[in-house]
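Notes follow once the structure below has been shown.
Here is the naming used below: chain letters follow the sequence lines, and residue numbers restart at 1 for every chain.
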Amino acid sequence: MSFRKMKDTIDYGDTVILHIGYDNMLPIMIAKGETMQTKFGAVKHSSLVGKQYGTKIQCSKGWVFVLQPTPELWTLSLPHRTQILYSTDISMIIFQLDLKPGSIVAEAGTGSGSLSHAILRTIQPSGQLLTFEFHGERCDKARQEFAEHGLSEFVTVTHRDVCGEGFQLDHLVDAVFLDLPKPWECIASAKNAIKREGGRICTFSPCIEQVQRSCEELSKNNFTDIVTVECLARNFNIQYAKLQNVLPSDVPLAANGDSVNCGTEEDESKQKSHKKVKKAPESFLNKAQDNQVKTAVHNYCFSSAIPTIAMQGHTGFLTFASLYYH
Amino acid sequence: MSFRKMKDTIDYGDTVILHIGYDNMLPIMIAKGETMQTKFGAVKHSSLVGKQYGTKIQCSKGWVFVLQPTPELWTLSLPHRTQILYSTDISMIIFQLDLKPGSIVAEAGTGSGSLSHAILRTIQPSGQLLTFEFHGERCDKARQEFAEHGLSEFVTVTHRDVCGEGFQLDHLVDAVFLDLPKPWECIASAKNAIKREGGRICTFSPCIEQVQRSCEELSKNNFTDIVTVECLARNFNIQYAKLQNVLPSDVPLAANGDSVNCGTEEDESKQKSHKKVKKAPESFLNKAQDNQVKTAVHNYCFSSAIPTIAMQGHTGFLTFASLYYH
Amino acid sequence: MTDIQEGDHVVFKRDGLSRVYQMRRNREVYFERSKFKVDDLIGQPYGSTFEIDRGKLVKFEQEKVVQLKETISSLPGADNRNLLDAESNQKMSKDDIMKMKDEGITGEKIIEELIENSETFKGKTEFSQAKYLKKKKKKHILVFTVLRPTPRLVMEIFSKEPGKICNLRPDTLSQLLNYGNVMYGSNVAVVETCQGLVLASLLQRMGGEGKLIQLVPNTSNSVCRQVMDYFNFPKEHLDNVYMFPLDTFSTITDDTEETDGNSAANLNLETSSEKTVTAPTDAASTDGGDSSIDSKTLMTVGGVLVESSDKSDQSENAALLNIPGKAAPSTDVAEANDVTMKDNDALIENAAGGEVIGGKRQLPPNRDLQRQLKLQKQKEAGQIIRNKQLDSLILACKYNPLPILMTMLEFLPPSRPVVVYCQYLEPLVECYTQIKKKGIGLQLRLSETWFREYQVLPQRTHPLMNMSGTGGYLLTFMTVQPVIEKVQS
Amino acid sequence: MTDIQEGDHVVFKRDGLSRVYQMRRNREVYFERSKFKVDDLIGQPYGSTFEIDRGKLVKFEQEKVVQLKETISSLPGADNRNLLDAESNQKMSKDDIMKMKDEGITGEKIIEELIENSETFKGKTEFSQAKYLKKKKKKHILVFTVLRPTPRLVMEIFSKEPGKICNLRPDTLSQLLNYGNVMYGSNVAVVETCQGLVLASLLQRMGGEGKLIQLVPNTSNSVCRQVMDYFNFPKEHLDNVYMFPLDTFSTITDDTEETDGNSAANLNLETSSEKTVTAPTDAASTDGGDSSIDSKTLMTVGGVLVESSDKSDQSENAALLNIPGKAAPSTDVAEANDVTMKDNDALIENAAGGEVIGGKRQLPPNRDLQRQLKLQKQKEAGQIIRNKQLDSLILACKYNPLPILMTMLEFLPPSRPVVVYCQYLEPLVECYTQIKKKGIGLQLRLSETWFREYQVLPQRTHPLMNMSGTGGYLLTFMTVQPVIEKVQS
């Protein structure tokens, strides 16, 4: 039930997210007699029941947090059965498909259910997700997950290759999402699935050639407002930077970010608050900078938002289109 | 001569850049008896002779600066005969083609000579640029410009459609640059133009389909290390921002950018230094902000680097490749 | 309800341009330099396409659209070596065109004349011909589709003046809604200065359940919620919207039941001071077009009558549009440039919505009742906050987010998402640093989005030549209970 | 000189990876986990490709490369629905592979065995097969090309640890060179802490003429110029490189001829204090691999013996690599991940260049002569600066750029380009604000570059899945003479 509504405390049957670190989250379903092993020690499920979501839990070798799942947390912690969609693209898809409570959506394929969970959050309780997956085992897993998450009544998982067999839906849905190797093969069938009053479609494709064929096919099928976009998240790290003034700075500095002459002690305390962000590397950095202090008393200090050097360069192209009254 | 070497003062025959505004620069060749009309008034050529480059010149209705041209300034002020390449791409091309004094380069087409000037700066005085242009008039104009700029001895402008007729060069050049609608048609000819010991090639194409055909053809012709890249310049405006604190701020702010409680007078003086950046709009902004001061004494003030909202979204794809000893 | 009803706000959409109009019989609207009555739209299904033919609405057949598309198919690479200044090659003057229009000649006919009078058209490549045709069609033939407003469409209204909505872009707004975990029945606290766009988007995602509390700086200032009107929300949905002034915050920090009385007293004080301040606002509203028509609805929402005449917004926006940056839009013909300028002017004139001529006005309702209702809802909102019943906190405003964030976090239960949007990076660095320092946020993330659009056409696929340089920055995290709980293991 | 000479520094290049080695007979090198002697490379033409076959260099035929390419051509879209964990489907263990290698079995043979022992290979799509083959070939067959070092190739050495060169990327370095208007005969002042990469790139563009003045913080600190060695610059070119300590700056601010004496005195003072400081530096250099070999050359360049053991650099870099960001590289097989880790380790061990085993060492030359030469060049550099003979100023360092910029601008003639590169945005905002305020720069521009690489393959074209999030920021402008000159009009 923890996916349908925000809750205060943990009950048996809830799926919770054990937050061990920024890139280390484990989803667990709370069951009697079960125990979860984490790198900080074991956590007995029963001991979590009745606890408030967001609580810091002491384990034998450290602590973890227990969070109520959101589709965004789920996307970061779910078991991968396929390549998955991430929240930057997912957000755009939900928005561009005009989804809201009550929307009826067709999705192919289900994959690992990353997008499905976000769709379900938005369209429940009056909407329906009709999701199609050609891979039998994945179908079963998805169905099981939706059931565990209390979402079964809002979703129908169908085991079918829509590329060959089509959606077999007759003017029923508000929106169609296609994440398939050959989306263009399903566009005619998608058109037939969309309500007479019109609707929206989205295809996700990693390669531009797929986009080109999809756009052609969309156009042929009288879809309009065809738009292809790309969204890339660029994350920033906050770093406390200290640049040596190799010449005496007689220039008055502007309003921004600079305690010139910042001493070592003062910095140390400021940096402590940052140490959690980057553990080992920063301590090296501190040492290195401290050495420099010997030769230069003056430093220019500031908090800097630095884009992460390694970033996701591409996920896929999102093509959106409208089908008007038809 | 002003393109070949940095000079101190202006002579007859020099091409100079009249800098009227950030996006308003005029290239003029200093000639006896000539007068240049600008929106700030007329400038007699003869009056500039002997003046130092970089001088601020008083005209009847304002002042302009007179700068010595660099290829970068030339790119921003040259007469457009075609779409031109800009300095972000040009810098990448020169770098990736491994150009340096002494390099021999084949270029097709010459276009408006934007890239040519940057190539010539880098390869002169011992290098040679062999540039090809299929449009007769453009050829003549380019030849004339190179002569005026004192660059004739380093460049040969040939009137030819290299797509049909090829470069007709036998293992002579270090690098080839292609900015043509169908670059793939010239790749075999480019290969033959490149020195036996090897060299580099670059093609510039706006559409991905052109890139795909070029890459295929490069591969077929034993070019290796084929890499396609895109460079986009993102410019920042510096804006002095003032955000209202709608709640009393009892939170100690970090090292950075914030004179909380900054009063109106103080801000005014700070903002004056920024007024030149954005004229009319900022004065409106000041008024609007001043009004807010009545209801809120506390503001959070900082200099902010804001990416320009409207930016160049695409110029073209740059494909680079190596031809090794052949 | 798939047909357009009288009173509906609808979107007129053509290419990348959207405008919102309210449907009233006998009302004339301006759209893309044309003036026409909208009567004939009422009763038509949403999604219908119309053409303005000599000042009259005509239903547009689908086939024409397709035909236009097929014209544009040619190979690139052919050279236009002789084309430099297209404008001087046109024998017809602007006056000629205006005259033809005055004579009631159709757009199609005008384009035919333009082609015949172009010296260079025949020498152009097929691709260039198609491009020319497309441009002229856009200028001389006005075709648009009438659609039900959605956040996506309404957002397009602001695409040329993003400063009005704090530079929000579809990518950032969409993330704000998703990372905020907004869903049916959510209790959401929001601070926004985006004309009501964020408010409306949130309300739609709540589907008629839950509470949407808009935090505003103080009781005396008006807030602009203009965009809320565009969505034709039923009254039951609007009833879920609350307004809570942040300057009455001290009234809810005491936990005792007694303080409720105190709070009410405080609120009364605030309200009386508001009396004098709102007067000029109301006066201004009378020349605000049809906004007073919906004032009754707005009253029940619990807000004061709100106004879009936020001057600081407009000038801020102007500043942002006139940036001395380098990226210049690549319009190669002077004429096209001209059009853009005109469009822009119209846009500023009309504010965000469509300009409407005529339309009857109603008298403002009982002001006392209005004030009482407002106070009641304000109190309810305060209780929700105090009782820690919020499911998410969302900030997208031109105020310094840090004090608001730190104050509100006290009232947010653990394991709840927080999203702070800001058009500047620096304030979010401050927020990030504080949250990190206090250890009160998990999955803390500061990001921006690179949002890029593509032209996908046979043999001519490439990213668009112009793009948006910034859609603002997002700080997202989950609240936690930092006290350690020991459990059995 | 198209053949590799003994003593040359050469680049070994394979795919996206480059390493620099100096060619010496009888010397063994480590490259991509292989150890081999380079003797056979001497006398071969640059651009030749070699394979390491059981520890020996073998010339590689072009045809093989082409064949490998053709294997990789298949349509996408076929589904790998049964593939989840590729590693567990391989019957051969890592030990098996190691054993085969020890037995001297070729890489080709090992790959054949791997395919035969893969349970899933036959079930894979043609595309997946090709991908698998490519990956295995990269791992088990070591083919590389020997190239003459260029800034482009040398830069690749740092592609996995950009922190060592202040996050410079090809796009930013290239703009730094172009906007700096560096050309044959330029007089350039530069401050760099990029291991000498910027210095070397500038020197190459100067083509053996002009003066390249490296401004360093002070006489006592050593600066790393390691990359300068890689370019095999002739002595005449290196003679144009000067070093000027910024802490002796006061000596050139007085304009009289007399100050030259003063300056010399000052310099002497500085130099004597340096004596004690440089001692440990020299001591450290003896275990710095083959860097002492080139010390003689470096002396004539006018610098002290320089060292790459800049610890702060390394840790800074480590900090930048271990960022807690979200973008995870998409390696789907654990084995591949493993390899990356190992490569990384090796990289850090080797610093930027290739690790070399053996190689004779020379004794340091006369230290007194060295100091005298240094002093002489320092004085010359001071004169060039004082006489305002600089053509451009380029900063790319980890120091606060503002004081250096404002000091140096006094000595730059008008109409000269200035380029300030910084890996942080904030210091450049300060510089921008000052230049703007003082009105001493035209075409002032603060920018960053979005640099993106594409995979272009039939039916599989898309931007690369991983990219660099930042290549630093650039501030560019032209100096001006702010005094107004009245002229005839």
Over all atoms of both residues, closest heavy-atom pair of B:Met92 and D:Phe451: CE-CE1, 3.3 Å

Under 4.5 Å to a heavy atom of chain B? For D:Pro45 that would be side chain

Chain D heavy atoms under 4.5 Å from B:Ser126: which part of the residue, side chain, backbone, both or neither? neither

Heavy-atom distances under 4.5 Å only: say whether D:Lys388 touches chain B with side chain, backbone, both or neither. neither

Between D:Arg148 and B:Glu197, does any NZ, NE, NH1 or NH2 come within less than 4.0 Å of an OD or OE carboxylate oxygen? yes

Looking at chain D, which one of B:Lys100, B:Lys220, B:Glu216 has the largest number of heavy-atom pairs inside 4.5 Å, strictly under? B:Lys100

Over all atoms of both residues, closest heavy-atom pair of D:Gln443 and B:Tyr22: OE1-O, 3.1 Å

From D:Thr145 OG1 over to B:Tyr325 OH, what is the distance, rounded to the nearest 0.5 angstrom? 14.5 Å

Reported OH-to-CZ distance for the pair D:Tyr473 and B:Phe236, which is rounded to 0.5 angstrom: 5.5 Å

Heavy-atom closest contact (D:Arg205 atom, B:Leu99 atom, distance): NE-O, 3.9 Å

Pick one of side chain, backbone, both or neither for D:Leu444, based on which atoms fall under 4.5 Å of a heavy atom in chain B. backbone

So, for D:Asn178 and B:Arg121, which heavy atoms are closest and what is the spacing to 0.1 Å? O-NH1, 3.1 Å

Do B:Phe95 and D:Leu177 have side-chain heavy atoms sitting under 4.5 Å apart? yes

Okay, side chain of D:Thr449, backbone of B:Cys231: is any donor-acceptor separation there less than 3.5 Å? no

With a 4.5 angstrom heavy-atom cut-off, which part of D:Met206 approaches chain B: side chain, backbone, both or neither? backbone

If we ignore angles and hydrogens, is there a donor and acceptor under 3.5 Å between the side chains of D:Thr150 and B:Asp98? yes

Hey, which of B:Ala305, B:Pro125, B:Gly198, B:Ala233 has the most heavy atom pairs under 4.5 Å with chain D? B:Pro125

So which heavy atom on B:Gln68 is nearest to which on D:Arg416, and how close? OE1-NH1, 4.0 Å

What part of D:Pro463 gets closer than 4.5 Å to chain B, counting heavy atoms only: side chain, backbone, both or neither? neither

For the residue pair B:Gly54 and D:Ser415, what are the closest heavy atoms and their distance? N-CB, 3.5 Å

